[in-house]
There are 2 protein chains.
Amino acid sequence: MASEKTQVVTRVTAILNAIALHGAQGARLLDLAQETGIARPTVHRILQELAEAGFVEQRASRRYGLGSALYLLGLGAPSPINDFAGLKKVVHRLADQTGDAVYVAIRRLDGVHYLMRADGSYPIRAEIVEVGETVPLGVTFAGVALLSWHEPEAVEAQLLANERLRRRMKAVEMSDVQDTVTAVRQAITQVHERGYFFDKDTVLHGVSGMAAPIPSKTSEPYMAITISAINDRLPPARVDELAPLLLEAAREIGTFIR
Amino acid sequence: MASEKTQVVTRVTAILNAIALHGAQGARLLDLAQETGIARPTVHRILQELAEAGFVEQRASRRYGLGSALYLLGLGAPSPINDFAGLKKVVHRLADQTGDAVYVAIRRLDGVHYLMRADGSYPIRAEIVEVGETVPLGVTFAGVALLSWHEPEAVEAQLLANERLRRRMKAVEMSDVQDTVTAVRQAITQVHERGYFFDKDTVLHGVSGMAAPIPSKTSEPYMAITISAINDRLPPARVDELAPLLLEAAREIGTFIR
DNA sequence: GAAAAAAGTCCGTTGAACGGACTTTCCGTC
DNA sequence: GACGGAAAGTCCGTTCAACGGACTTTTTTC
């Protein structure tokens with residue numbers, strides 16, 4: 001493993017990516033060392049140096065999070081979304097049409113990051129994720145939809161790797177790993193056949209959702225759009241009814257991104 | 001210079017920051033080597049490694065720009081703006097009140113990055129900068145307003161350092177360096193006395209503007225708000241009239257940021 | 001199409017990066 | 001409030017990854 005002919009730069013990027021996956025609450029030094037496979041003193045030293053440059057910040061809890069210098073760099077980095085206003089319009093339209101909550105998420109390393117949400121008129125709302133959150137691939141509806149573009153072996157590896165992270169998710173009762181792997185495999189077949197993923201109770205008991213990958217002009221799908229509601233709002237008949245709307249929205253958004 | 005006890009991480013951050021300052025058109029290898037003071041082969045190697053991680057991208061022109069991995073990391077980094085919707089409202093209100101173009105910019109390393117723009121109803125519009133652009137500190141109205149929080153020596157160093165960058169700006173006729181330094185010194189005094197900066201013709205012949213630093217709860221000002229219009233729209237009497245509106249907007253926005 | 005300039009590559013030398021071992025700080029528990 | 005286990009932080013001798021001078025290739029300019 002060690003002899004890739006370069007160390008520090010690769011390590012720096014690995015550490016930053018690892019921190020990103022820990023989201024808002026920040027990452028512990030020990031976790032970062034384990035996840036990157038780098039010795040703890042080394043991670044510590046690199047973190048100090050990154051902190052000096054404002055690329056990471058150490059919170060009061062001693063956990064490390066991304067620093068605001070990265071926010072500023074991010075402003076200058078090319079966004080894959082060419083027309084955010086257009087995207088927004090499509091999402092709100094879908095929320096109006098369906099009455100339910102619509103999310104848009106973007107693939108972010110081994111996770112999905114929730115970019116925006118539009119609420120429909122139906123008063124009962126299931127708050128599975130918040131905008132700005134990053135959740136491991138394969139955990140949420142959008143995450144499964146995007147996972148479907150991976151090789152089967154990669155999928156399985158991902159799911160096992162997720163286990164630890166997944167347990168962190170509040171209010172989620174998980175079935176055991178093997179069950180999950182099988183379930184997600186079936187889900188992936190579904191995405192390939194119908195173009196979208198539908199399921200209930202998997203993410204949060206009582207909540208149904210359907211998610212479609214958003215096609216990209218230049219690469220495999222890296223964004224997804226989700227409709228989510230309580231189980232009673234999404235019986236099979238209504239899923240069939242909503243599917244064309246969901247897929248059309250995905251197609252349209254595909255024209256607004258790289 | 002060499003013995004700061006750390007190299008690569010500092011260098012990586014320096015290179016990324018240097019690239020950021022080159023904006024959309026990208027940076028040449030040679031420029032980056034000069035600007036960071038690192039030997040060209042070294043910069044080249046680090047760039048290759050960063051490119052592999054998606055942190056930088058090499059364009060067809062062989063120039064280097066920030067990569068989309070940084071966009072994704074930026075999504076997870078803490079934004080200093082707590083309430084973007086509130087900020088937007090204030091800016092649009094000011095544009096409506098004045099009829100002129102209003103910009104909001106954020107300090108970004110040795111430059112200012114333009115975050116948003118709202119147009120007023122007046123039909124003649126001076127497009128000095130575009131949203132998303134980064135311009136060296138002290139070049140635009142907002143840039144001068146923010147420069148006023150630096151130590152005098154730092155200001156002078158900044159201005160001299162800007163000269164090279166500044167020449168790149170399209171359509172800008174510059175007076176010679178000494179004149180500029182003197183002019184900016186006066187401008188800074190003005191900001192300290194009145195709380196805002198007003199000038200005409202400095203940035204672009206025929207264009208006047210006034211800019212106020214936005215106070216931050218937690219640090220010195222790092223954002224600014226600008227009103228800009230053609231000279232005839234901003235005679236001294238109107239400047240006096242607009243100043244309270246500008247300062248009030250700046251104060252309000254200050255409550256929406258860190 | 002020659003010359004200049006920039007980009008990219010090679011490789012021997014060396015000091016920055018590494019990480020095992022140690023110390024300090026934090027925090028839950030009784 | 002002080003004990004103890006766990007995580008964070010520091011030290012320092014060893015070593016190999018990073019460095020950059022010198023060279024080659026590609027691009028641009030005239």
Side-chain angles (χ1 to χ4, degrees), chain A residues 1-19 21-67 164-165 167-168, chain B residues 1-19 21-67 164-165 167-168:
Chain A
M1 164 209 279
S3 65
E4 301 309 323
K5 90 177 337 182
T6 169
Q7 284 218 324
V8 195
V9 179
T10 319
R11 290 178 163 197
V12 165
T13 57
I15 290 172
L16 288 175
N17 287 340
I19 294 176
L21 286 177
H22 280 264
Q25 80 272 25
R28 298 186 319 160
L29 175 57
L30 206 63
D31 294 334
L32 293 176
Q34 272 163 13
E35 287 161 21
T36 58
I38 305 169
R40 214 185 65 256
T42 305
V43 176
H44 182 260
R45 180 171 37 78
I46 293 176
L47 284 171
Q48 295 310 312
E49 297 171 22
L50 285 171
E52 201 156 329
F55 279 50
V56 309
E57 280 171 8
Q58 188 165 27
R59 318 287 174 68
S61 61
R62 284 177 152 205
R63 284 168 181 257
Y64 295 90
L66 299 178
R164 210 157 35 100
L165 287 166
R167 288 204 199 90
R168 287 189 199 136
Chain B
M1 163 208 283
S3 63
E4 301 311 322
K5 91 178 337 186
T6 169
Q7 285 217 322
V8 195
V9 179
T10 319
R11 289 177 164 197
V12 165
T13 57
I15 289 172
L16 288 175
N17 288 339
I19 294 176
L21 286 177
H22 279 263
Q25 80 273 24
R28 299 186 317 161
L29 174 59
L30 207 62
D31 294 334
L32 293 176
Q34 274 164 11
E35 287 160 22
T36 58
I38 305 168
R40 215 185 63 258
T42 305
V43 176
H44 182 261
R45 179 172 37 78
I46 292 175
L47 284 171
Q48 295 310 314
E49 297 171 22
L50 285 171
E52 201 155 327
F55 279 49
V56 308
E57 281 171 8
Q58 188 165 26
R59 320 286 174 69
S61 61
R62 286 175 150 209
R63 283 167 181 258
Y64 294 90
L66 299 178
R164 211 157 34 99
L165 287 166
R167 287 202 199 91
R168 288 190 199 136

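Note on naming: letters A, B, ... go to the chains in the order of the sequence lines (proteins, then strands), and numbering restarts at 1 for each one.
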Excluding sequence neighbours, so at least two apart, what forms side chain to side chain contact (heavy atoms under 4.5 Å, CB included) with [X]?
X: A:R11; result: A:Q7, A:I38, A:T42, A:I46
X: B:T10; result: B:T6
X: B:A27; result: B:H22, B:L32
X: A:A51; result: A:V56

Exercise. Does any residue of residues 58-67 of chain A have a heavy atom under 4.0 Å from DNA chain C, and if so, which ones, in number order?
Worked result: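 Of all residues in residues 58-67 of chain A, the ones placing a heavy atom under 4.0 Å from DNA chain C are A:R62.
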Inset, instruction - Please tell me if the side chains of A:L16 and B:F55 come closer than 4.5 Å, counting only heavy atoms from C-beta onward. - result: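 Sidechains of B:F55 and A:L16: in contact.
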Just N and O in the side chain of [X]: are any of them under 4.0 Å from OP1 or OP2 of [N]?
X: A:Q7; N: D:dC16; result: no
X: B:H44; N: C:dG8; result: yes
X: A:T42; N: C:dG19; result: yes
X: A:R11; N: C:dA17; result: no

Below 3.5 Å between N/O atoms, which protein atoms pair up with nucleotides 11-13 of chain D? Just atom names and distances, please.
none

Q) Which nucleotide sits closest to the side chain of B:R45: C:dG8, D:dA8, D:dC19? A)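 Among C:dG8, D:dA8, D:dC19, the one nearest the side chain of B:R45 is D:dC19.
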Rounded distance (Å) that lies between atom [atom2] of [N] and atom [atom1] of [X]:
X: A:L32; N: D:dA8; atom1: CG; atom2: C1'; result: 12 Å
X: A:I15; N: C:dG19; atom1: CD1; atom2: C1'; result: 13 Å
X: B:E49; N: C:dG8; atom1: CD; atom2: P; result: 14 Å
X: B:I46; N: D:dA17; atom1: CD1; atom2: P; result: 16 Å
X: A:Q34; N: D:dA6; atom1: CD; atom2: P; result: 13 Å
X: B:L30; N: C:dG8; atom1: CG; atom2: C1'; result: 13 Å
X: A:R28; N: C:dC26; atom1: CZ; atom2: P; result: 16 Å
X: B:L29; N: D:dG20; atom1: CG; atom2: C1'; result: 13 Å

Residues forming a side chain to side chain donor-acceptor pair (under 3.5 Å) with A:E52, sequence neighbours excluded:
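If we apply the side chain to side chain donor-acceptor pair (under 3.5 Å) test to A:E52, skipping adjacent residues, there are no hits.
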- When B:V43 is tested against each of B:L30, B:D31, B:I15 for side chain to side chain contact (heavy atoms under 4.5 Å, CB included), which residue passes?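 The passing option is B:I15.
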Would you say the side chain of B:R40 and the base of D:dG20 hold a donor-acceptor pair, judged only by whether the two atoms sit under 3.5 Å apart?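 Between D:dG20 and B:R40, which were checked side chain against base, a qualifying N/O pair under 3.5 Å is absent.
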Please round to the nearest 0.5 Å and tell me the distance separating atom [atom1] of [X] and atom [atom2] of [Y].
X: B:Q25; Y: B:R59; atom1: CD; atom2: CZ; answer: 8.5 Å
X: B:Q58; Y: B:L50; atom1: CD; atom2: CG; answer: 12.5 Å
X: A:E35; Y: A:N17; atom1: CD; atom2: CG; answer: 11.5 Å

*What residues, two or more places apart in sequence or in another chain, satisfy salt bridge (charged side-chain N to carboxylate O under 4.0 Å, His left out) together with A:R62?*
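Result, salt bridge (charged side-chain N to carboxylate O under 4.0 Å, His left out) vs A:R62: none returned.
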query = Looking at residues at least two apart in the chain, or sitting in another chain, which of them share a salt bridge (charged side-chain N to carboxylate O under 4.0 Å, His left out) with A:R40?
reply =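 Here no residue qualifies.
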Both A:Q48 and A:V9 contact DNA chain D. Taking the nearest nucleotide for each, which residue is further toward the 5' end?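 In this pair, the answer is A:Q48.
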- For the helix from C:dG1-D:dC30 to C:dC30-D:dG1, what angle lies between the axis at the first five pairs and the axis at the last five pairs, to 10 degrees?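 One end's axis against the other's: 70°.
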